[in-house]
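Please read the structure below before turning to the comments.
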Amino acid sequence: MTEFFDTVETIDYAGPDSTDPFAFRWYDAGRVVLDKTMEEHLRVGVCYWHSFTWDGFDIFGEGTLDRPWISDRTADPMDAAKTKMDAAFEFFEKLGAPFFSFHDIDIAPAGDTFADTCRNLDEMVELAAGHMDRTGTKLLWGTTNAFSHRRFMSGAATNPDPEIFKYAAAQVAHCLSATHRLGGANYVLWGGREGYDTLLNTDMGRELDQLGRFLNMVVEHKHAIGFEGALLIEPKPMEPTKHQYDHDVQTVHAFLQRHGLENEIKVNIEVNHATLSGHDFHHEVAAAVDAGIFGSVDANAGDDRLGWDLDRFPGSVEDMTLGMLEILRGGGFTTGGMMFDTKLRRQSIARDDLFIAHIAGMDTLAKSLLAAASIIEEGELDRRRTARYAGWDGASDILAGEVTLQQLHDEVFESGREPEGESGRQELLEALIARHIDRVN
């Protein structure tokens, strides 16, 4: 097999003082943090689509990245897919990322018919299985692309045409089975065009019911084929539609409860989607943990001044520390992990730029993990948070439903007390976070 990244060797840990862009400064896979190795905590994965199926094109210009399996229009589509897969697993192995993820159409080209498409996917899945056995790379999750083809311009599960609903269902059934064959830990359902651009032509209630039935069918199929991984919905408030139905974690949780799916489906939280919905990443994690639906994370970043999905590599240790803190408080990952749903900037055209970006991103996650673990081990933040609610220890009868509103009225009326509250100490706690980040080693 000819190497695509022939200027890069296996990436090793070199320590915080290293200036080598092709070495880890903070990501030390075997380092034990809070009784687990760093690799076990982070469960880092590389996405197939942005890294190998996208050539840098945008709506203003053609592709810029060196991806010959895309640029060579004369190549047989299956031959190109095999070349792409060779390069992908070379990258996974050299980087040392334990996981990867894919859409069905990322790894196999479409055929003339749905049956042909399925046969192409089956062939590429067998090839992927061989690469996985050879390299030890595992599948964090698979997913279906039911949004790029023009048939899905009005949605997949929420489409007004039942024939397109059926097509999407068939596609998901086949991809879920492929994910199962590869031992995937999860299966993600991102509602790419499950939403609307205008209510003038949209029956929102009908579409939400269609989506609920679709997801119930996915759950039924999961159990029918014996897939033991988690099903995950990926919330996003907008883009490509004006209004996405899976707006944020709490919206998804309410939807799952309405359709009896709260014990069957969890969430895959993307950092950039959280900020697009007006939330901090750590808010979405905390909301998911509280609801019992935290599953996995797409680790990336946006830009505060741009209102669309940028999928930048994570670079803010502070932001990721706050998210990692909530993840650790919630017990950490089980089936999920940190998937780099990230893409290079269009000017980063050197082949090895893909390594530099992932190395830096993994170092950001690793340093954030160390800072969050330090905060938890010290315990001061949690002690202060617990102490803030200490008054409720003597007021448990209120939450137990043993006191009426009128009784509270009478108590306050007769007591003459005028409570004033205490300082929330926000600035002190922010300084505490900064102190732990500064002293990571």
Side-chain angles (χ1 to χ4, degrees), residues 43 45-54 81 84-85 88 92 99-110 114 117-118 120-122 124-125 128 132 137-149 151-152 155-158 167-195 211 214-215 217-219 221-222 225 227-236 239-240 244-246 252 261 264-273 293 295-300 309 311 335-343:
R43 294 170 58 85
V46 178
C47 81
Y48 216 96
W49 52 99
H50 289 321
S51 299
F52 303 100
T53 308
W54 179 68
K84 175 169 57 174
M85 184 168 283
F92 304 154
F99 293 98
F100 77 106
S101 63
F102 68 85
H103 295 88
D104 46 7
I105 67 170
D106 295 334
I107 65 172
F114 178 71
T117 298
C118 290
N120 288 346
L121 181 59
D122 291 342
M124 293 306 300
V125 163
M132 292 168 69
T137 309
K138 299 177 182 179
L139 179 61
L140 190 65
W141 47 263
T143 187
T144 301
N145 183 324
F147 50 86
S148 292
H149 194 280
R151 73 172 61 90
F152 299 120
T158 59
Y167 197 102
Q171 198 174 334
V172 169
H174 204 83
C175 188
L176 180 53
S177 295
T179 300
H180 181 39
R181 292 202 301 277
L182 292 175
N186 309 273
Y187 185 84
V188 169
L189 296 141
W190 177 56
R193 296 189 188 274
E194 313 296 11
L211 182 57
F214 189 97
L215 293 177
M217 294 171 72
V218 175
V219 169
H221 187 66
K222 165 192 169 174
I225 65 175
F227 179 61
E228 296 181 355
L231 297 177
L232 308 174
I233 287 179
E234 184 173 317
K236 188 177 184 181
E239 195 193 34
Q244 300 280 122
Y245 290 137
D246 49 7
V252 169
L261 294 165
E264 295 284 358
I265 298 178
K266 300 182 185 298
V267 288
N268 179 51
I269 300 169
E270 180 171 319
V271 178
N272 200 173
H273 293 181
I293 59 171
S296 195
V297 168
D298 277 4
N300 60 17
D309 201 3
D311 294 325
T335 63
M338 288 286 190
M339 176 56 59
F340 280 115
D341 185 356
T342 47
K343 59 189 177 186

Going by the rule side chain to side chain donor-acceptor pair (under 3.5 Å), which residues pair with [X] if we only count those two or more places apart in sequence or in a different chain?
{"X": "Asn300", "answer": "Glu270, Asp311"}
{"X": "Thr143", "answer": "none"}
{"X": "Lys266", "answer": "none"}
{"X": "Thr137", "answer": "Thr135"}

Spacing of [atom1] belonging to [X] relative to [atom2] belonging to [Y], to within rounding of 0.5 Å:
{"X": "Phe52", "Y": "Met85", "atom1": "CZ", "atom2": "CE", "result": "11.0 Å"}
{"X": "Ser296", "Y": "Phe99", "atom1": "OG", "atom2": "CZ", "result": "9.5 Å"}
{"X": "Leu261", "Y": "Leu211", "atom1": "CG", "atom2": "CG", "result": "9.0 Å"}
{"X": "Glu234", "Y": "Gln244", "atom1": "CD", "atom2": "CD", "result": "10.5 Å"}
{"X": "Leu140", "Y": "Thr335", "atom1": "CG", "atom2": "OG1", "result": "7.5 Å"}
{"X": "Leu215", "Y": "Ile265", "atom1": "CG", "atom2": "CD1", "result": "4.5 Å"}

Review point. Hey, are the side chains of Leu231 and Glu264 touching, using non-hydrogen atoms and a 4.5 Å cut-off?
Key: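 No, too far: nothing below the 4.5 Å cut-off.
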
Check your understanding: Considering only heavy atoms from C-beta outward, does the side chain of Tyr187 approach that of Lys222 to under 4.5 Å?
Key -> no

side-chain contact (heavy atoms from CB on, under 4.5 Å) partners of [X], counting only residues at least two apart:
{"X": "His149", "answer": "Arg151, Phe152"}
{"X": "Arg193", "answer": "Phe147, Pro240, Thr241"}
{"X": "Thr117", "answer": "Ala110"}

By ring-ring contact (aromatic ring centres under 6.0 Å, His included) - contacts of [X] (at least two apart):
{"X": "His180", "answer": "Phe227"}
{"X": "Phe214", "answer": "Phe165"}
{"X": "Phe100", "answer": "Phe89, Phe92"}

Practice item. Flag the pair Asp122 and Arg181 as a salt bridge only when some basic side-chain nitrogen lies within less than 4.0 angstrom of an acidic carboxylate oxygen. Key: yes

Heavy atoms only: give me the nearest [X]-[Y] pair and the separation to one decimal.
{"X": "Ile233", "Y": "Pro235", "value": "O-CD, 3.3 Å"}
{"X": "Glu194", "Y": "Ala157", "value": "OE2-N, 2.9 Å"}
{"X": "Ser101", "Y": "Met339", "value": "OG-SD, 3.1 Å"}
{"X": "Leu121", "Y": "Cys175", "value": "CD2-CA, 4.4 Å"}

Point to revise | side-chain contact (heavy atoms from CB on, under 4.5 Å) evaluation trace for Ser177 with His221 | key: CA-CA 9 Å; Ser177 295; His221 187 66; 3.4 Å; yes

Point to revise | With Glu239 via salt bridge (Lys or Arg N to Asp or Glu O under 4.0 Å) - residues at least two apart | key: Lys236

Check your understanding: With Asp104, which of Thr144, Thr179, Val125 fulfils side chain to side chain contact (heavy atoms under 4.5 Å, CB included)?
Key -> Thr144

Review point. Which residue, Asp298, Asn268, Asp309, Asp341, forms the side chain to side chain donor-acceptor pair (under 3.5 Å) with His273?
Key: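 Answer after filtering Asp298, Asn268, Asp309, Asp341: Asp309.
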
Review point. With a 3.5 Å cut-off and no angle check, do the side chains of Asp246 and Trp190 form a donor-acceptor pair?
Key: no

Check your understanding: Taking the side chain from Asn120 and the backbone from Pro109, do they hold a donor-acceptor pair closer than 3.5 Å?
Key ->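 The answer is yes, because a donor-acceptor pair under 3.5 Å joins these two groups.
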
Review point. Yes or no on side-chain contact (heavy atoms from CB on, under 4.5 Å) for Val218 and Leu176, after CA distance, side-chain angles and deciding distance?
Key: CA-CA 9 Å; Val218 175; Leu176 180 53; 4.3 Å; yes

Exercise for review: Apply side-chain contact (heavy atoms from CB on, under 4.5 Å) to His50 and Phe340, showing your working.
Suggested key: CA-CA 9 Å; His50 289 321; Phe340 280 115; over 6 Å; no

